[in-house]
Amino acid sequence: MSLDRRAMPNSPHPGGTQDVFYSRKSTVPLPMMDRAAGIWFWDEDGKAYIDASSDPMVSAFGHGNPRVIEAMMQQAQKLDYAYTLVARNRRNLDYATRLAALAGPGFERVSLCSGGSEAIDNALKFARQFAVATGQAARRRVISLDPSYHGATIATLAAGGNAALHSFLDGYAVAADHVPAPFGYRIPAGETPESHAANCAQALEDKILELGPENVLAFLLEPVGGLSTGAVVPPHDYFRAVRSICTRHGVLLIFDEVLCGAGRSGKFITAHHWPDALPDLIVQAKGIGAGYAPLGAMLAPAAMVDRLAEIAGFDFSYSYNANPIACAAGLAVLDEFGRLDLCANTVARGAQLQAGLAALKDRYPIIGDVRGMGLLLAVELVADPTTKMSLPADFQATSRLRVHGLELGIMLYARATGGGRFGQWFMMAPPLTITEAETGEVLLRTERAIELLYRDAVAAGVMA
């Protein structure tokens, strides 16, 4: 594979690619990509790779879509920039109108920004500003799941649940309070996934009562888990329970759909899978820009936004929020979702991929669980499928798997969450445009990578 040695760690040359900042402990080489089209990348040596994770679940309908590129080019030629505290732009209005229509009643207002971290930050700021403006200034505590991830700014890192960041955040930022994530694979003895999820919901109410309901601002969660929980999909009753608990105590329920939204779950708005448990605020990013433009959105009810606008306003902004080129890209992305009927394709190809991965689980004891929804799936790796014992950390299972994948021409996305405290898994989330034949090729190359990993584990003595 092609690697740019000028940009590698310890290089004497100035500058370098972004990864010179990353930990030097990584054993995974990074190919130098030259071009991309559809679900494929090609490096500078001409080697092809399948993008099996849409990078970090961003490239919703693959690379090089000419309609989106043309829309961005035309917008740049007409109006490249307009700042929202100085002027309006038509693409902002058109895009917000379309997105609100997709979200439906209760989400009539759309605040745009440049990505998921900013969008989560906006949702938390909006919730806090509304509480202060309506005489509820004591509401400042945020509750999230352990584990969880909600962004890479200081505020959003603090909002997530990652024990590895405790020393980093200690005394530096106000960390969220946490309740257990409703895992369905590793659960306490004697419990079912449903009973465990019910206990996790009860833990939320217990935490609210412990903190004092008048002090709690919001409960923040991914309705379908991302990398932190490995595509966990809680039972429907869990959502009903947390919705009821939040309503009872005046706590805002915020769905982080940055990763699972924009059609990846099989519905454009993931919350629509649970219509009787809708959140108060929805945050989307990644797939709505689909990698073509940095774009994030907070969806909020008109009743809250308009009331706050009358009382105090929500005047926080970013230099690039509602950028007309980004909005033009977003509109073109929505056009492509409809034209290609991507939600239907996601359901069909997701079922094919999940069935194929389940078949691999039956053949390779290094796979303990396959889970997820639509084209957001995770495969959990274990040393023993009977006891669910994890592979040892020093074996570096996910890194080994990624290396094998690159050798075989497939890019897999994985890292050990929380140092592997909750298990180890890799994500399977290809572009939503993937075809039946391409899904078969993903499964074929993934099986080869898993077989090599399994052989490594046996040779290293970490599996029988």
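Only heavy atoms go into these numbers, but all of them, side chains included; no hydrogens, no water, no symmetry mates.
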Candidates Asn89, Leu331, Leu334, Leu99 - the one meeting side-chain contact (heavy atoms from CB on, under 4.5 Å) with Asp94:
Leu331
Is a side-chain N or O of Glu257 found less than 3.5 angstrom from the main chain of Ala271, in a donor-acceptor match?
yes
For Val333 and Gly287, which heavy atoms make the closest approach, and how far apart are they?
CG1-O, 3.8 Å
Identify each donor-acceptor pair in which a side-chain atom of residues 29-40 lies under 3.5 Å from a protein atom, sequence neighbours left out, and give them as a table.
none

Min side-chain heavy-atom separation Tyr49-Asp43 under 4.5 Å
yes
Give the minimum heavy-atom separation between Leu204 and Cys246, together with the two atoms involved.
CD2-SG, 4.4 Å
Any side-chain heavy atom of Leu253 sitting closer than 4.5 Å to one from Leu221?
yes
If you round to the nearest 0.5 Å, how far is CD of Gln284 from CG of Leu295?
10.0 Å
Determine, step by step, whether Asp335 and Arg67 satisfy the side chain to side chain contact (heavy atoms under 4.5 Å, CB included) criterion, reporting the C-alpha distance in whole Å, the side-chain angles of both residues, the deciding distance to 0.1 Å, and the verdict.
CA-CA 9 Å; Asp335 288 341; Arg67 290 175 174 82; over 6 Å; no
With a 4.5 Å cut-off on side-chain heavy atoms, are Ile434 and Leu353 touching?
no
Within the supplied structure, the quantity of interest is the number of heavy atoms (other residues, nucleotides, ligands) at a distance under 6.0 Å from Arg307 CZ; does it exceed 12?
no
Is there a side-chain contact between Gln354 and Leu357 (heavy atoms, below 4.5 Å)?
no
Specify whether Tyr83 and Tyr81 have parallel, tilted or perpendicular ring planes, treating 30° as the upper limit for parallel and 60° as the lower limit for perpendicular.
parallel
Report yes if the side chains of Phe41 and His63 come closer than 4.5 Å at any heavy-atom pair, otherwise no.
yes
Between OG on residue Ser111 and CG on residue Asn122, distance to nearest 0.5 Å:
4.5 Å
With a cut-off of under 6.0 Å to the ring centre and 45° to the axis, is Arg371 in cation-pi contact with Trp425?
yes
Report, as yes or no, whether the 6.0 Å neighbourhood of atom CZ on Arg128 holds more than 12 heavy atoms from other residues, nucleotides or ligands.
yes
May I ask you to test the Ile450-Phe426 pair for a side-chain heavy-atom distance under 4.5 Å?
yes
How about His273 and Ser265: does a side-chain donor come under 3.5 Å of a side-chain acceptor?
yes
Using 4.0 Å as the upper bound for N to carboxylate O, is an ion pair formed by Arg339 and Glu336?
yes
Are any side-chain N or O atoms of Gln352 and backbone N or O atoms of Glu436, one a donor and one an acceptor, separated by less than 3.5 Å?
yes
Any donor-acceptor N/O pair, Thr270 side chain to Cys260 backbone, under 3.5 Å:
yes
Shortest non-hydrogen contact from Pro431 to Asp51?
CD-O, 3.3 Å
Is a side-chain donor or acceptor of His272 paired with a backbone partner of Ala103 at a separation under 3.5 angstrom?
yes
Any donor and acceptor pair, going by atom type alone, linking the side chain of Ser148 with main-chain N or O of Gly161 inside 3.5 Å?
yes
Does Phe337, at its CZ atom, have more than 12 non-hydrogen atoms belonging to other residues, nucleotides or ligands within less than 6.0 Å?
yes
Do side-chain atoms of Ser144 reach the backbone of Ala159 as a donor and acceptor pair under 3.5 angstrom?
yes
What pair of heavy atoms forms the shortest contact from Thr229 to Phe183, and how long is it?
O-CE2, 3.6 Å
Can you tell me if Thr247 and Arg243 form a side-chain donor-acceptor pair at under 3.5 Å?
yes
Is there a side-chain contact between Leu406 and Met411, using heavy atoms and a 4.5 Å cut-off?
yes
Please walk me through it: do Tyr172 and Ile154 pass side chain to side chain contact (heavy atoms under 4.5 Å, CB included)?
CA-CA 9 Å; Tyr172 185 53; Ile154 297 298; 3.5 Å; yes
Contact between Ile366 and Leu391 at the side-chain level, heavy atoms closer than 4.5 Å - yes or no?
yes
Heavy atoms from other residues, nucleotides or ligands near CZ of Arg90 exceed 12 (cutoff 6.0 Å)
no
Any chance you could measure Leu157, atom CG, to Ile120, atom CD1, to the nearest 0.5 Å?
12.0 Å
Could you walk me through whether Lys267 and Thr346 satisfy the side chain to side chain contact (heavy atoms under 4.5 Å, CB included) test, starting with their C-alpha distance in whole Å, then the side-chain angles of each, then the deciding distance to 0.1 Å, before giving a yes or no?
CA-CA 9 Å; Lys267 293 183 181 291; Thr346 295; over 6 Å; no
Using every non-hydrogen atom in the two residues, find where Asp80 and Asn323 come nearest and quote the distance to one decimal.
O-ND2, 3.6 Å
Minimum heavy-atom distance between Arg264 and Leu376, given as atom pair plus value:
CG-CB, 3.8 Å
So, the side chain of Gln129 versus the backbone of Phe314: is there a donor-acceptor pair under 3.5 Å, distance only?
no
Short side-chain to backbone donor-acceptor contact, Glu108 and Gly106, under 3.5 Å
yes
Donor-acceptor contact below 3.5 Å, side chain Asn65 vs main chain Val68:
yes
Take His150 and Leu124 through the side chain to side chain contact (heavy atoms under 4.5 Å, CB included) test and state the conclusion after the steps.
CA-CA 11 Å; His150 296 289; Leu124 295 174; over 6 Å; no
